[in-house]
Amino acid sequence: MMPSRDLVSWNTVIAGNAQSGMCGDALAMLRDMGRANLKPDSISWNSIIAGCVQNGLFDEGLTLFRKMVMAKVKPGSVSLSSITPACAHLTTLRLGKQLHGYITRFGFEDNVLIASSLVDMYAKCGYIMIARRIFNKMKLHDTVSWTAMVMGYALHGHAHDAISLFKQMETEGLKPNSVAFLAVLTACNHAGLVDEAWHYFNSMRNDYGLSPHLEHYASVADLLGRAGRLKEAYDFICKMPAPSSSIWSTLLAACRVHKDVEMAENVANKVFRIDPSNVGAYVLLSNTYSSAKRWKDAAKVRITMKSKGIVKEAACSWIEVKNKLHAFVAGDKSHPCYEKIKTALEELVEQMEKEGYVPDTSEVLHDVDEEYKKSLLFNHSERLAIAFGIISTPEGATICITKNIRVCNDCHTAIKFISKIVRREIIVRDNSRFHHFKDGKCSCQDYW
DNA sequence: CTAGGGTTAG
């Protein structure tokens with residue numbers, strides 16, 4: 001049956017609203033359709049679901065997907081390729097697996113769009129091997145599916161796999177676009193491959209006529225910084241068009257890692273000139289002073305922050321144990337097992353010290369301001385989460401933590417140590433990548 | 001001119 005002209009008109013307006021980010025309006029229209037005696041069809045639903053997912057409203061997208069199924073509208077290939085990315089972003093593997101089951105059962109596996117979002121979903125949920133298996137089963141690869149796989153390897157620190165796939169894509173005559181380049185640069189970044197990154201950064205323009213975006217510059221600048229080539233990174237940023245405050249912040253993070261106070265002061269000023277109330281820059285500057293054991297200066301920055309009324313929102317880590325999510329905020333004592341966790345953590349720190357592991361800067365507390373001490377003392381939500389994982393998961397289980405900031409060098413040392421003494425693999429995911437810890441070693445290179 | 005996949009780090 002041909003859809004009525006009315007339905008098409010409604011759908012057009014709904015799609016228009018959803019695409020421009022007004023999902024609430026689009027949803028209201030869906031309800032109004034009933035009043036106009038029209039039943040929303042799969043296109044009406046898909047438009048809104050896709051609108052939500054594309055605008056970062058992943059939970060809303062999933063809720064609507066469920067509502068669509070309850071309204072007895074069958075999810076088709078478009079629904080599936082729109083909703084799978086929501087699982088990828090939320091790293092909800094359980095839901096993603098259910099979708100995968102549905103996809104297999106109804107024979108949507110060969111759809112390039114669906115398959116590439118599955119590749120992405122498994123990679124983002126920590127299952128790089130499954131991602132690769134799905135990728136291999138695909139009959140045809142386009143730029144997007146190659147890119148999803150390259151980015152997956154980059155995310156897991158498998159830079160050489162990522163680069164060789166990228167090369168293979170080029171060999172097969174597919175033109176990498178700017179996202180594909182971002183993926184390969186991310187891979188180089190995560191493995192500290194400076195020369196390779198330069199090669200690809202230049203290749204963008206020279207071989208494919210693509211001008212690098214802010215993200216490409218940011219990736220190279222971050223890589224140079226992490227590799228300790230701070231001056232080169234600084235010059236690189238100065239030469240690029242319109243550097244943002246966040247790109248300077250990346251370099252500031254590198255200054256903290258490499259304990260370069262002078263450069264940090266200089267770079268922090270660059271950030272403050274663009275964005276005077278940048279909380280992260282104050283914290284990074286303060287931590288750089290701490291890393292160089294200049295406690296008084298570190299405290300001074302904290303005091304300046306306080307006097308200006310700048311408050312840093314607390315860092316938060318999560319751990320999933322038996323399908324339940326536990327969140328830990330720095331300094332938080334509200335978890336029901338807090339006492340047990342604290343004991344586990346103390347034992348751990350004690351053992352670390354005994355074996356000569358370098359303690360965190362936050363634990364090297366000398367004659368500093370009491371206020372400052374407090375601000376640092378339990379500043380490691382991820383370690384609370386790890387300690388909780390240790391007391392609550394059986395021997396051999398995998399601990400998976402996600403965090404809203406990257407796994408820093410201090411934390412990295414701690415987890416390596418933990419993986420050794422608990423004799424189990426610990427998978428930690430921060431914003432940028434997965435770190436697989438086992439027997440005191442990490443899959444990612446140690447250079448930050 | 002109705003709907004769909006892959007974007008740095010912090």
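Since the structure is predicted, the reported quantities are computational estimates derived from the model, not experimental observations. Letters A, B, ... mirror the listed sequences (proteins, then strands); counts begin at 1.
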* For A:Ala154, does its backbone N or O pair with a side-chain atom of A:Thr186 as donor and acceptor, under 3.5 Å? -> no
* Structure fact -> Minimal heavy-atom distance between A:Leu285 and A:Ala268, with the atoms involved, is CD2-CB, 4.1 Å
* Fit a plane to each ring of A:Tyr234 and A:Trp248, take the angle between them on a 0 to 90° scale, and name the class: parallel (under 30°), tilted (30 to 60°) or perpendicular (over 60°). => tilted
* For the side chain to side chain donor-acceptor pair (under 3.5 Å) test, which of A:Glu265, A:Lys259, A:Arg256 pairs with A:Tyr289? -> A:Glu265
* To do: Sequence neighbours left out, what pairs pass side-chain hydrogen bond (donor to acceptor under 3.5 Å, both in side chains) with at least one residue falling in residues 157-181 of chain A?
  => A:Glu170-A:Tyr208
* **Gap between atoms NE2 and P, on A:His213 and B:dG6 respectively (whole Å)** => 17 Å
* Asked: Given B:dA9, B:dG4, B:dT7, which nucleotide is nearest the side-chain atoms of A:Arg226?
  -> B:dA9
* To do: Check each of A:Phe166, A:Tyr153, A:Phe181, A:Phe135 against A:Trp146 using the ring-ring contact (aromatic ring centres under 6.0 Å, His included) test, and report the only one that passes.
  => A:Phe135
* Nucleotide nearest A:Ser145 (side chain, heavy atoms from C-beta), chosen from B:dG5, B:dT2, B:dT7 -> B:dG5
* What residues in residues 51-64 of chain A put a non-hydrogen atom under 4.0 Å from any atom of DNA chain B? -> A:Gln54
* **Whether A:His258 side chain and A:Gly228 backbone form a donor-acceptor pair below 3.5 Å** => yes
* Asked: Is there a residue in residues 116-124 of chain A whose heavy atoms reach under 4.0 Å of DNA chain B, and which residues are they?
  -> A:Ser116, A:Asp120, A:Lys124
* Asked: For the side chain of A:Thr186, counting heavy atoms from C-beta on, which of B:dG5, B:dT8, B:dG6 is nearest?
  -> B:dT8
* To do: Could you check which residues of residues 15-26 of chain A get a heavy atom under 4.0 Å from DNA chain B? Sort them by number, please.
  => A:Ala15, A:Gln19
* Structure fact -> Separation of B:dG6 atom P from A:Leu155 atom CG, nearest Å, is 14 Å
* Figure out the CH2/P separation between A:Trp45 and B:dG4, and round it to whole Å. => 17 Å
* What's the OH-C1' distance between A:Tyr217 and B:dT7, to the nearest Å? -> 17 Å
* To the nearest angstrom, how far is A:Leu185 atom CG from B:dA9 atom P? -> 12 Å
* Asked: Hey, what do you get for CE (A:Met149) to CG (A:Asn136), rounding to the nearest 0.5 Å?
  -> 8.0 Å
* Would you kindly give the NE2-to-C1' distance between A:His89 and B:dA9, to the nearest whole Å? => 15 Å
* Check whether any side-chain N or O of A:Asn46 sits under 3.5 Å from a backbone N or O of A:Ser42 as a donor-acceptor pair, and report yes or no. => yes
* May I ask you to list the residues of residues 68-88 of chain A, by number, that have any heavy atom positioned under 4.0 Å from an atom of DNA chain B? => A:Ser77, A:Val78, A:Ser81, A:Ser82, A:Pro85
* Asked: Ignoring hydrogens and geometry, is there a side-chain-to-backbone donor-acceptor pair from A:Ser249 to A:Ser245 under 3.5 Å?
  -> yes
* At what distance, to the nearest 0.5 angstrom, does CG of A:Asn55 lie from CD of A:Glu60? -> 10.5 Å
* To do: Taking only the side-chain heavy atoms of A:Met151 (C-beta and beyond), determine which of B:dA3, B:dT7, B:dA9 contains the nearest atom.
  => B:dT7
* Check: A:Phe201 ring centre within less than 6.0 Å of A:His216 ring centre -> no
* Rounded to whole angstroms, how far apart are CG on A:Asn177 and P on B:dT8? -> 14 Å
* Side chain of A:Leu113 - closest among B:dT2, B:dG6, B:dG4 -> B:dG4
* **Electrostatic pair A:Asp235:A:Lys239 at N-O distance under 4.0 angstrom** => no
* To do: Would you please confirm or rule out a distance under 4.0 Å between OP1 or OP2 of B:dA9 and any side-chain N or O of A:His190?
  => yes
* Remember a base hit wins even if backbone is also touched, and classify A:Asp41 as base, sugar-phosphate or nothing at under 4.0 Å, heavy atoms. => nothing
* Over how many whole Å does the gap from A:Ile14 atom CD1 to B:dC1 atom P extend? -> 18 Å
* To do: Pick base, sugar-phosphate or nothing for A:Ser249, based on heavy-atom distances below 4.0 Å to the nucleic acid.
  => nothing
With a 3.5 Å cut-off and sequence neighbours excluded, list the donor-acceptor pairs that the side chains of residues 22-29 of chain A form with protein atoms.
none

* Asked: Hey, would you say the A:His335 and A:Phe328 ring centroids sit under 6.0 Å apart?
  -> yes
